[in-house]
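Let me begin by presenting the structure, written as C-alpha coordinates, before commenting on it.
Per chain, numbering begins at 1; letters A, B, ... match sequence-line order.
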2 protein chains.
Amino acid sequence: MNLSPKIEAFVMHFGEMGSRWGFNRTVGQMYALLVINEKPLTANDIATALSISRGNVSMGLKELQSWQLVQVQHQPGDRKDYYCAAGDIWTMAKRVFEERRKREIDPTLTLLRDQLLDTPANDTEAFAQQRMREIHDLLEGVTQWSTELHNMSPETLHKLVKLGSGFSKVLELKDKLVNKS
Amino acid sequence: MNLSPKIEAFVMHFGEMGSRWGFNRTVGQMYALLVINEKPLTANDIATALSISRGNVSMGLKELQSWQLVQVQHQPGDRKDYYCAAGDIWTMAKRVFEERRKREIDPTLTLLRDQLLDTPANDTEAFAQQRMREIHDLLEGVTQWSTELHNMSPETLHKLVKLGSGFSKVLELKDKLVNKS
DNA sequence: ATAAGCTTTCAATAATTTCTGAAAGTTCAA
DNA sequence: TTGAACTTTCAGAAATTATTGAAAGCTTAT
(Lines give C-alpha, C1' and ligand atoms only; values in the text may rest on other atoms or scores of the structure.)
Protein backbone atom coordinates (compact mmCIF):
# COMPACT_ATOMS: atom_id res chain seq x y z
CA MET A 1 0.00 0.00 0.00
CA ASN A 2 1.80 3.08 -1.29
CA LEU A 3 0.20 6.50 -1.28
CA SER A 4 0.68 9.07 -4.02
CA PRO A 5 2.05 12.41 -2.71
CA LYS A 6 -1.29 14.19 -3.15
CA ILE A 7 -3.21 11.55 -1.32
CA GLU A 8 -0.58 11.42 1.35
CA ALA A 9 -0.86 15.18 1.86
CA PHE A 10 -4.60 14.85 2.31
CA VAL A 11 -4.30 11.95 4.73
CA MET A 12 -1.60 13.63 6.80
CA HIS A 13 -3.59 16.84 6.96
CA PHE A 14 -6.59 14.99 8.32
CA GLY A 15 -4.25 13.54 10.88
CA GLU A 16 -3.14 16.99 12.01
CA MET A 17 -6.72 18.18 12.17
CA GLY A 18 -7.92 15.02 13.84
CA SER A 19 -7.45 16.24 17.37
CA ARG A 20 -9.38 19.42 16.62
CA TRP A 21 -12.23 17.37 15.25
CA GLY A 22 -12.57 15.23 18.33
CA PHE A 23 -10.41 12.20 17.60
CA ASN A 24 -6.67 11.57 17.56
CA ARG A 25 -4.09 11.78 14.82
CA THR A 26 -4.15 8.20 13.63
CA VAL A 27 -7.94 8.00 13.72
CA GLY A 28 -8.01 11.11 11.52
CA GLN A 29 -5.54 9.57 9.08
CA MET A 30 -7.43 6.32 8.98
CA TYR A 31 -10.69 8.03 8.21
CA ALA A 32 -9.13 10.17 5.50
CA LEU A 33 -7.64 7.08 3.94
CA LEU A 34 -10.98 5.32 3.85
CA VAL A 35 -12.73 8.37 2.47
CA ILE A 36 -10.44 8.93 -0.51
CA ASN A 37 -10.17 5.27 -1.42
CA GLU A 38 -12.85 3.95 -3.68
CA LYS A 39 -12.17 0.36 -2.65
CA PRO A 40 -12.56 -0.97 0.90
CA LEU A 41 -9.34 -1.66 2.82
CA THR A 42 -8.34 -4.30 5.33
CA ALA A 43 -6.94 -3.44 8.73
CA ASN A 44 -3.55 -4.54 7.48
CA ASP A 45 -3.75 -2.32 4.40
CA ILE A 46 -4.36 0.59 6.75
CA ALA A 47 -1.52 -0.33 9.09
CA THR A 48 0.89 -0.59 6.16
CA ALA A 49 -0.26 2.57 4.41
CA LEU A 50 0.09 4.65 7.56
CA SER A 51 3.02 2.79 9.11
CA ILE A 52 1.26 2.20 12.38
CA SER A 53 0.79 -0.91 14.46
CA ARG A 54 -1.95 -3.40 13.83
CA GLY A 55 -3.25 -2.91 17.36
CA ASN A 56 -3.56 0.80 16.87
CA VAL A 57 -5.61 0.23 13.72
CA SER A 58 -7.94 -2.03 15.63
CA MET A 59 -8.52 0.64 18.28
CA GLY A 60 -8.97 3.33 15.65
CA LEU A 61 -11.54 1.33 13.73
CA LYS A 62 -13.47 0.76 16.93
CA GLU A 63 -13.48 4.51 17.53
CA LEU A 64 -14.63 5.24 13.96
CA GLN A 65 -17.36 2.67 14.32
CA SER A 66 -18.56 4.34 17.51
CA TRP A 67 -18.91 7.51 15.43
CA GLN A 68 -20.73 5.44 12.81
CA LEU A 69 -18.30 6.70 10.23
CA VAL A 70 -17.12 3.38 8.83
CA GLN A 71 -18.72 0.16 7.70
CA VAL A 72 -17.42 -3.38 7.63
CA GLN A 73 -17.77 -5.38 4.45
CA HIS A 74 -16.88 -8.92 3.49
CA GLN A 75 -15.61 -10.40 0.28
CA PRO A 76 -16.83 -13.90 -0.60
CA GLY A 77 -14.29 -16.55 0.28
CA ASP A 78 -12.18 -14.12 2.29
CA ARG A 79 -12.07 -14.11 6.04
CA LYS A 80 -10.70 -10.58 6.41
CA ASP A 81 -12.81 -7.59 7.44
CA TYR A 82 -12.90 -4.86 4.81
CA TYR A 83 -13.60 -1.30 5.87
CA CYS A 84 -14.95 1.69 4.00
CA ALA A 85 -16.33 5.13 4.80
CA ALA A 86 -20.06 4.99 5.58
CA GLY A 87 -22.51 6.96 3.45
CA ASP A 88 -22.16 10.09 1.35
CA ILE A 89 -20.64 13.37 2.34
CA TRP A 90 -23.81 14.67 4.00
CA THR A 91 -24.19 11.57 6.07
CA MET A 92 -20.62 11.93 7.26
CA ALA A 93 -21.07 15.58 8.13
CA LYS A 94 -24.28 14.87 10.00
CA ARG A 95 -22.71 12.04 11.96
CA VAL A 96 -19.72 14.09 13.01
CA PHE A 97 -22.01 16.93 13.96
CA GLU A 98 -24.37 14.72 15.96
CA GLU A 99 -21.61 12.90 17.73
CA ARG A 100 -19.95 16.12 18.72
CA ARG A 101 -23.22 17.50 19.98
CA LYS A 102 -23.58 14.45 22.19
CA ARG A 103 -20.10 14.87 23.59
CA GLU A 104 -19.85 18.64 23.77
CA ILE A 105 -23.33 19.86 24.60
CA ASP A 106 -25.49 17.15 26.16
CA PRO A 107 -23.45 16.70 29.36
CA THR A 108 -23.46 20.43 30.02
CA LEU A 109 -27.17 20.68 29.38
CA THR A 110 -27.75 17.94 31.96
CA LEU A 111 -25.62 19.72 34.55
CA LEU A 112 -27.33 23.03 33.94
CA ARG A 113 -30.80 21.54 34.17
CA ASP A 114 -29.91 20.07 37.55
CA GLN A 115 -28.41 23.26 38.86
CA LEU A 116 -31.42 25.27 37.76
CA LEU A 117 -33.77 23.16 39.86
CA ASP A 118 -32.21 24.48 43.08
CA THR A 119 -33.10 27.81 44.64
CA PRO A 120 -30.15 30.19 44.89
CA ALA A 121 -28.92 30.72 48.46
CA ASN A 122 -27.66 34.29 48.02
CA ASP A 123 -27.03 37.07 45.52
CA THR A 124 -23.88 35.54 44.12
CA GLU A 125 -25.71 32.30 43.43
CA ALA A 126 -28.67 34.17 42.03
CA PHE A 127 -26.46 35.89 39.48
CA ALA A 128 -24.72 32.63 38.73
CA GLN A 129 -28.05 30.94 38.12
CA GLN A 130 -29.16 33.69 35.79
CA ARG A 131 -26.07 33.08 33.68
CA MET A 132 -26.65 29.36 33.79
CA ARG A 133 -30.21 29.93 32.58
CA GLU A 134 -28.94 31.92 29.61
CA ILE A 135 -26.40 29.29 28.70
CA HIS A 136 -28.98 26.56 29.16
CA ASP A 137 -31.47 28.22 26.84
CA LEU A 138 -28.83 28.80 24.22
CA LEU A 139 -27.62 25.22 24.28
CA GLU A 140 -31.16 23.90 24.23
CA GLY A 141 -31.79 25.98 21.12
CA VAL A 142 -28.69 24.60 19.46
CA THR A 143 -29.75 21.08 20.35
CA GLN A 144 -33.23 21.45 18.88
CA TRP A 145 -31.76 23.00 15.87
CA SER A 146 -29.29 20.20 15.45
CA THR A 147 -32.11 17.66 15.59
CA GLU A 148 -33.72 19.62 12.81
CA LEU A 149 -30.56 19.43 10.71
CA HIS A 150 -30.31 15.75 11.42
CA ASN A 151 -33.73 15.12 9.94
CA MET A 152 -33.14 17.09 6.77
CA SER A 153 -32.70 15.33 3.47
CA PRO A 154 -29.43 15.85 1.61
CA GLU A 155 -31.34 18.01 -0.88
CA THR A 156 -32.68 20.33 1.77
CA LEU A 157 -29.24 20.55 3.34
CA HIS A 158 -27.77 21.36 0.00
CA LYS A 159 -30.31 24.12 -0.52
CA LEU A 160 -29.58 25.45 2.93
CA VAL A 161 -25.88 25.65 2.31
CA LYS A 162 -26.35 27.20 -1.12
CA LEU A 163 -28.68 29.75 0.40
CA GLY A 164 -25.61 31.36 1.89
CA SER A 165 -26.07 35.03 2.52
CA GLY A 166 -29.75 34.96 1.56
CA PHE A 167 -30.38 33.43 4.89
CA SER A 168 -31.45 36.30 7.11
CA LYS A 169 -33.60 37.55 4.25
CA VAL A 170 -35.59 34.34 4.38
CA LEU A 171 -36.06 34.86 8.08
CA GLU A 172 -37.36 38.38 7.54
CA LEU A 173 -39.63 37.12 4.80
CA LYS A 174 -41.09 34.60 7.15
CA ASP A 175 -41.60 37.31 9.75
CA LYS A 176 -43.58 39.46 7.37
CA LEU A 177 -45.76 36.68 6.11
CA VAL A 178 -46.55 35.03 9.38
CA ASN A 179 -46.76 38.43 11.01
CA LYS A 180 -45.67 37.21 14.38
CA SER A 181 -43.31 39.19 16.64
CA MET B 1 -11.81 33.37 47.24
CA ASN B 2 -14.07 30.50 48.25
CA LEU B 3 -16.56 28.96 45.86
CA SER B 4 -20.01 27.75 46.91
CA PRO B 5 -20.63 24.08 46.06
CA LYS B 6 -23.00 24.92 43.22
CA ILE B 7 -20.63 27.36 41.65
CA GLU B 8 -17.78 24.96 42.11
CA ALA B 9 -19.74 22.21 40.34
CA PHE B 10 -20.32 24.53 37.39
CA VAL B 11 -16.68 25.62 37.24
CA MET B 12 -15.34 22.09 37.50
CA HIS B 13 -17.74 20.88 34.84
CA PHE B 14 -16.49 23.54 32.44
CA GLY B 15 -13.02 22.31 33.25
CA GLU B 16 -13.94 18.77 32.24
CA MET B 17 -15.58 20.00 29.06
CA GLY B 18 -12.79 22.44 28.29
CA SER B 19 -10.76 20.03 26.22
CA ARG B 20 -13.79 19.14 24.11
CA TRP B 21 -14.42 22.81 23.46
CA GLY B 22 -10.94 23.50 22.20
CA PHE B 23 -9.05 24.66 25.26
CA ASN B 24 -7.59 22.89 28.27
CA ARG B 25 -8.99 22.15 31.69
CA THR B 26 -7.75 25.19 33.55
CA VAL B 27 -8.69 27.55 30.75
CA GLY B 28 -12.20 26.12 30.88
CA GLN B 29 -12.38 26.58 34.64
CA MET B 30 -11.08 30.11 34.41
CA TYR B 31 -13.63 31.08 31.84
CA ALA B 32 -16.48 29.53 33.81
CA LEU B 33 -15.36 31.42 36.88
CA LEU B 34 -15.35 34.72 35.04
CA VAL B 35 -18.72 34.02 33.45
CA ILE B 36 -20.60 33.27 36.66
CA ASN B 37 -19.01 36.09 38.64
CA GLU B 38 -20.70 39.43 38.38
CA LYS B 39 -17.57 41.28 39.54
CA PRO B 40 -14.26 41.25 37.70
CA LEU B 41 -11.47 39.16 39.25
CA THR B 42 -7.72 39.62 39.46
CA ALA B 43 -5.28 36.98 38.27
CA ASN B 44 -4.55 36.19 41.90
CA ASP B 45 -8.24 35.74 42.73
CA ILE B 46 -8.41 33.19 39.95
CA ALA B 47 -5.26 31.37 41.04
CA THR B 48 -6.58 31.12 44.61
CA ALA B 49 -10.11 30.12 43.66
CA LEU B 50 -8.89 27.33 41.38
CA SER B 51 -5.76 26.38 43.35
CA ILE B 52 -3.48 26.73 40.37
CA SER B 53 -0.22 28.57 39.89
CA ARG B 54 -0.03 32.24 39.07
CA GLY B 55 1.94 31.45 35.92
CA ASN B 56 -0.72 29.10 34.68
CA VAL B 57 -3.34 31.81 35.15
CA SER B 58 -1.27 34.19 33.08
CA MET B 59 -1.07 31.66 30.24
CA GLY B 60 -4.76 30.89 30.48
CA LEU B 61 -5.76 34.52 30.33
CA LYS B 62 -3.60 35.00 27.26
CA GLU B 63 -5.42 32.09 25.64
CA LEU B 64 -8.83 33.47 26.56
CA GLN B 65 -7.84 36.84 25.20
CA SER B 66 -6.81 35.25 21.92
CA TRP B 67 -10.36 33.86 21.75
CA GLN B 68 -11.61 37.37 22.60
CA LEU B 69 -13.58 35.89 25.46
CA VAL B 70 -12.30 38.09 28.29
CA GLN B 71 -11.70 41.77 28.85
CA VAL B 72 -9.23 43.58 31.08
CA GLN B 73 -10.51 46.33 33.33
CA HIS B 74 -8.84 48.71 35.76
CA GLN B 75 -9.96 50.11 39.05
CA PRO B 76 -8.90 53.69 39.84
CA GLY B 77 -5.90 53.80 42.17
CA ASP B 78 -5.24 50.08 41.76
CA ARG B 79 -2.43 48.71 39.68
CA LYS B 80 -3.85 45.20 39.25
CA ASP B 81 -5.51 43.95 36.08
CA TYR B 82 -9.13 42.91 36.55
CA TYR B 83 -10.67 40.39 34.20
CA CYS B 84 -14.25 39.67 33.24
CA ALA B 85 -16.12 37.72 30.57
CA ALA B 86 -16.55 39.78 27.39
CA GLY B 87 -20.03 40.56 26.10
CA ASP B 88 -23.36 38.81 26.48
CA ILE B 89 -24.13 35.17 25.92
CA TRP B 90 -24.62 35.54 22.17
CA THR B 91 -21.34 37.31 21.76
CA MET B 92 -19.60 34.52 23.63
CA ALA B 93 -21.28 31.83 21.55
CA LYS B 94 -20.41 33.62 18.32
CA ARG B 95 -16.79 34.08 19.35
CA VAL B 96 -16.36 30.44 20.28
CA PHE B 97 -18.03 29.42 17.04
CA GLU B 98 -15.90 31.74 14.91
CA GLU B 99 -12.67 30.80 16.59
CA ARG B 100 -13.38 27.14 16.17
CA ARG B 101 -14.23 27.65 12.52
CA LYS B 102 -10.87 29.31 12.04
CA ARG B 103 -9.07 26.43 13.69
CA GLU B 104 -11.11 23.51 12.47
CA ILE B 105 -12.26 24.43 8.98
CA ASP B 106 -10.10 27.14 7.42
CA PRO B 107 -6.84 25.15 7.28
CA THR B 108 -8.59 22.23 5.60
CA LEU B 109 -10.30 24.49 3.11
CA THR B 110 -6.91 25.94 2.15
CA LEU B 111 -5.41 22.50 1.66
CA LEU B 112 -8.35 21.31 -0.42
CA ARG B 113 -8.30 24.39 -2.63
CA ASP B 114 -4.63 23.78 -3.37
CA GLN B 115 -5.13 20.10 -4.12
CA LEU B 116 -8.03 20.83 -6.43
CA LEU B 117 -5.89 23.04 -8.65
CA ASP B 118 -3.81 20.06 -9.77
CA THR B 119 -4.88 17.64 -12.46
CA PRO B 120 -5.26 14.06 -11.24
CA ALA B 121 -2.56 11.73 -12.55
CA ASN B 122 -4.64 8.54 -12.59
CA ASP B 123 -7.98 7.01 -11.66
CA THR B 124 -7.18 6.70 -7.96
CA GLU B 125 -6.30 10.38 -7.83
CA ALA B 126 -9.35 11.28 -9.88
CA PHE B 127 -11.61 9.58 -7.39
CA ALA B 128 -9.73 11.18 -4.51
CA GLN B 129 -10.16 14.59 -6.08
CA GLN B 130 -13.86 14.05 -6.53
CA ARG B 131 -14.17 13.36 -2.81
CA MET B 132 -12.04 16.39 -2.02
CA ARG B 133 -14.32 18.52 -4.17
CA GLU B 134 -17.35 17.34 -2.23
CA ILE B 135 -15.71 18.03 1.12
CA HIS B 136 -14.51 21.39 -0.14
CA ASP B 137 -17.96 22.46 -1.24
CA LEU B 138 -19.48 21.37 2.02
CA LEU B 139 -16.94 23.22 4.13
CA GLU B 140 -17.24 26.30 1.98
CA GLY B 141 -20.99 26.24 2.55
CA VAL B 142 -20.48 25.95 6.29
CA THR B 143 -18.03 28.83 6.21
CA GLN B 144 -20.38 31.14 4.32
CA TRP B 145 -23.12 30.17 6.60
CA SER B 146 -21.02 30.87 9.66
CA THR B 147 -20.22 34.35 8.35
CA GLU B 148 -23.94 34.85 8.04
CA LEU B 149 -24.46 33.83 11.66
CA HIS B 150 -21.67 36.10 12.72
CA ASN B 151 -23.39 39.11 11.24
CA MET B 152 -26.77 38.41 12.79
CA SER B 153 -28.05 40.56 15.61
CA PRO B 154 -28.79 38.85 18.94
CA GLU B 155 -32.50 39.29 18.19
CA THR B 156 -32.30 37.50 14.87
CA LEU B 157 -30.24 34.75 16.45
CA HIS B 158 -32.80 34.42 19.16
CA LYS B 159 -35.58 34.12 16.60
CA LEU B 160 -33.58 31.54 14.70
CA VAL B 161 -33.08 29.39 17.76
CA LYS B 162 -36.71 29.72 18.80
CA LEU B 163 -37.77 28.75 15.31
CA GLY B 164 -36.73 25.23 16.19
CA SER B 165 -38.60 22.65 14.21
CA GLY B 166 -40.33 25.24 12.03
CA PHE B 167 -37.13 25.59 10.20
CA SER B 168 -37.46 23.38 7.16
CA LYS B 169 -40.99 24.71 6.73
CA VAL B 170 -39.59 28.19 6.29
CA LEU B 171 -37.24 26.84 3.66
CA GLU B 172 -40.10 25.23 1.77
CA LEU B 173 -42.09 28.42 2.05
CA LYS B 174 -39.26 30.35 0.50
CA ASP B 175 -39.05 27.79 -2.28
CA LYS B 176 -42.68 28.20 -3.19
CA LEU B 177 -42.60 31.98 -3.13
CA VAL B 178 -39.41 32.56 -4.98
CA ASN B 179 -40.28 29.66 -7.26
CA LYS B 180 -36.69 28.72 -7.91
CA SER B 181 -35.42 25.13 -8.06
C1' DA C 1 17.84 55.87 40.78
C1' DT C 2 15.37 52.56 43.62
C1' DA C 3 12.09 49.61 45.10
C1' DA C 4 7.37 47.90 45.50
C1' DG C 5 3.82 45.66 43.18
C1' DC C 6 2.44 43.79 39.60
C1' DT C 7 2.69 40.51 35.04
C1' DT C 8 5.01 37.41 31.84
C1' DT C 9 8.23 33.92 30.40
C1' DC C 10 10.21 29.57 30.18
C1' DA C 11 12.94 25.42 31.57
C1' DA C 12 12.04 21.60 34.30
C1' DT C 13 8.62 18.39 35.89
C1' DA C 14 4.20 16.17 36.12
C1' DA C 15 0.09 14.43 34.06
C1' DT C 16 -2.21 12.67 30.30
C1' DT C 17 -2.79 10.58 25.99
C1' DT C 18 -1.39 7.67 22.34
C1' DC C 19 1.03 3.72 20.39
C1' DT C 20 3.22 -0.73 20.25
C1' DG C 21 3.57 -5.57 20.15
C1' DA C 22 3.04 -9.79 22.41
C1' DA C 23 -0.52 -12.60 24.16
C1' DA C 24 -5.23 -13.99 24.24
C1' DG C 25 -9.55 -14.46 21.72
C1' DT C 26 -12.45 -15.85 17.74
C1' DT C 27 -13.88 -18.32 13.72
C1' DC C 28 -13.70 -21.56 10.34
C1' DA C 29 -11.92 -25.45 7.32
C1' DA C 30 -10.24 -29.85 7.30
C1' DT D 1 -9.94 -31.33 17.68
C1' DT D 2 -6.41 -28.91 15.64
C1' DG D 3 -4.36 -25.16 13.59
C1' DA D 4 -4.37 -21.38 10.34
C1' DA D 5 -5.97 -16.80 9.61
C1' DC D 6 -7.72 -13.41 11.37
C1' DT D 7 -9.08 -9.71 15.34
C1' DT D 8 -8.94 -7.67 19.94
C1' DT D 9 -6.96 -6.50 24.31
C1' DC D 10 -3.97 -4.39 27.38
C1' DA D 11 0.38 -3.38 30.09
C1' DG D 12 4.24 -0.83 29.40
C1' DA D 13 6.89 2.63 26.52
C1' DA D 14 6.85 6.79 23.95
C1' DA D 15 5.04 11.12 22.75
C1' DT D 16 2.52 15.00 23.76
C1' DT D 17 0.46 18.47 26.62
C1' DA D 18 -0.20 21.01 30.89
C1' DT D 19 1.64 22.96 35.18
C1' DT D 20 4.76 24.93 38.33
C1' DG D 21 7.70 28.33 40.26
C1' DA D 22 11.73 30.97 40.04
C1' DA D 23 13.68 34.59 37.37
C1' DA D 24 13.14 38.43 34.34
C1' DG D 25 10.15 42.43 32.74
C1' DC D 26 7.28 46.24 33.20
C1' DT D 27 5.38 50.43 35.42
C1' DT D 28 4.68 53.78 38.91
C1' DA D 29 5.52 56.24 43.36
C1' DT D 30 8.94 58.09 46.12
Using the 3.5 Å cut-off, write out each protein N or O paired with an N or O of nucleotides 23-30 of chain D and the distance between them.
from, atom 1, to, atom 2, distance (Å)
D:dT27, O2, B:Arg79, NH2, 3.0

Hey, is the main chain of B:Asp106 close enough, under 3.5 Å, to the side chain of B:Thr110 for a donor-acceptor pair? yes
Hey, could you give me each pair passing side chain to side chain donor-acceptor pair (under 3.5 Å) that has a residue in residues 26-40 of chain A? Not counting sequence neighbours. A:Asn24-A:Thr26
Under 3.5 Å, is there a donor-acceptor pair between the side chain of A:Arg20 and the main chain of B:Arg103? yes
Name all residues meeting the side chain to side chain contact (heavy atoms under 4.5 Å, CB included) criterion together with A:Ser51; count only those two or more places apart in sequence or in a different chain, and write none if there are none. none
Report the end-to-end axis angle of the helix from C:dA1-D:dT30 to C:dA30-D:dT1; each axis comes from five terminal pairs, and the value is rounded to 10°. 0°
Residue pair B:Ser53/A:Tyr83 against DNA chain D: nearer the 5' end by closest nucleotide is A:Tyr83
A:Thr42: which residues meet the side chain to side chain contact (heavy atoms under 4.5 Å, CB included) condition with it, sequence neighbours left out? A:Asn44, A:Asp45, A:Lys80, A:Tyr82
Assess the side chains of B:Asn56 and B:Ser53: does a donor N or O sit below 3.5 Å from an acceptor N or O? no
B:Leu61 side chain near B:Ile46 side chain, heavy-atom distance below 4.5 Å: yes
State the CZ-CE distance between B:Phe127 and B:Met132, to the nearest 0.5 angstrom. 11.0 Å
Can you measure B:Lys80 atom NZ to C:dA4 atom C1' for me and round it to whole angstrom units? 13 Å
Interface residues of residues 9-31 of chain A with DNA chain C (non-hydrogen, below 4.0 angstrom): A:Asn24, A:Thr26
Within residues 34-51 of chain A, residues whose heavy atoms come under 4.0 Å of DNA chain C: none
Tell me the interatomic distance from A:Asp81, atom CG, to C:dT27, atom P, rounded to whole angstroms. 11 Å
Residues 126-143 of chain B vs side chain to side chain donor-acceptor pair (under 3.5 Å), sequence neighbours excluded, gives B:Arg113-B:Glu140
Using a strict cut-off of less than 4.0 Å between a Lys/Arg side-chain nitrogen and an Asp/Glu carboxylate oxygen, indicate whether B:Glu98 and B:Lys94 qualify as a salt bridge. no
How many Å lie between CG on A:Leu61 and P on D:dC6, as a whole number? 16 Å
Side-chain contact, heavy-atom cut-off 4.5 Å: B:Gln65 with B:Tyr83? yes
Rounded to whole angstroms, how far apart are CG on B:Leu64 and P on D:dA18? 14 Å
Hydrophobic clustering (ILVMFWY, side-chain heavy atoms < 4.5 Å, transitive) - are A:Leu157 and B:Val142 grouped together? yes
Listed partners of A:Leu138 passing side chain to side chain contact (heavy atoms under 4.5 Å, CB included), at least two apart: B:Ile89, B:Trp90, B:Ala93
For nucleotides 9-12 of chain C, which of its nitrogen or oxygen atoms have a protein nitrogen or oxygen under 3.5 Å away, and what is each distance?
from, atom 1, to, atom 2, distance (Å)
C:dT9, OP2, B:Lys62, NZ, 3.1

Using the test side chain to side chain contact (heavy atoms under 4.5 Å, CB included), find all partners of B:Val96 that sit at least two apart in sequence or belong to another chain. B:Trp21, B:Trp67, B:Leu69, B:Arg100
Going by atom type alone, with no hydrogens or angles, which donor-acceptor pairs under 3.5 Å involve a side-chain atom of residues 2-19 of chain B and a protein atom two or more places apart or on another chain?
from, atom 1, to, atom 2, distance (Å)
B:Ser4, OG, A:Glu125, OE2, 2.9
B:Ser4, OG, B:Ile7, N, 3.4
B:Lys6, NZ, A:Thr119, O, 2.9
B:Lys6, NZ, A:Glu125, OE1, 3.2
B:His13, NE2, A:Thr108, OG1, 2.9

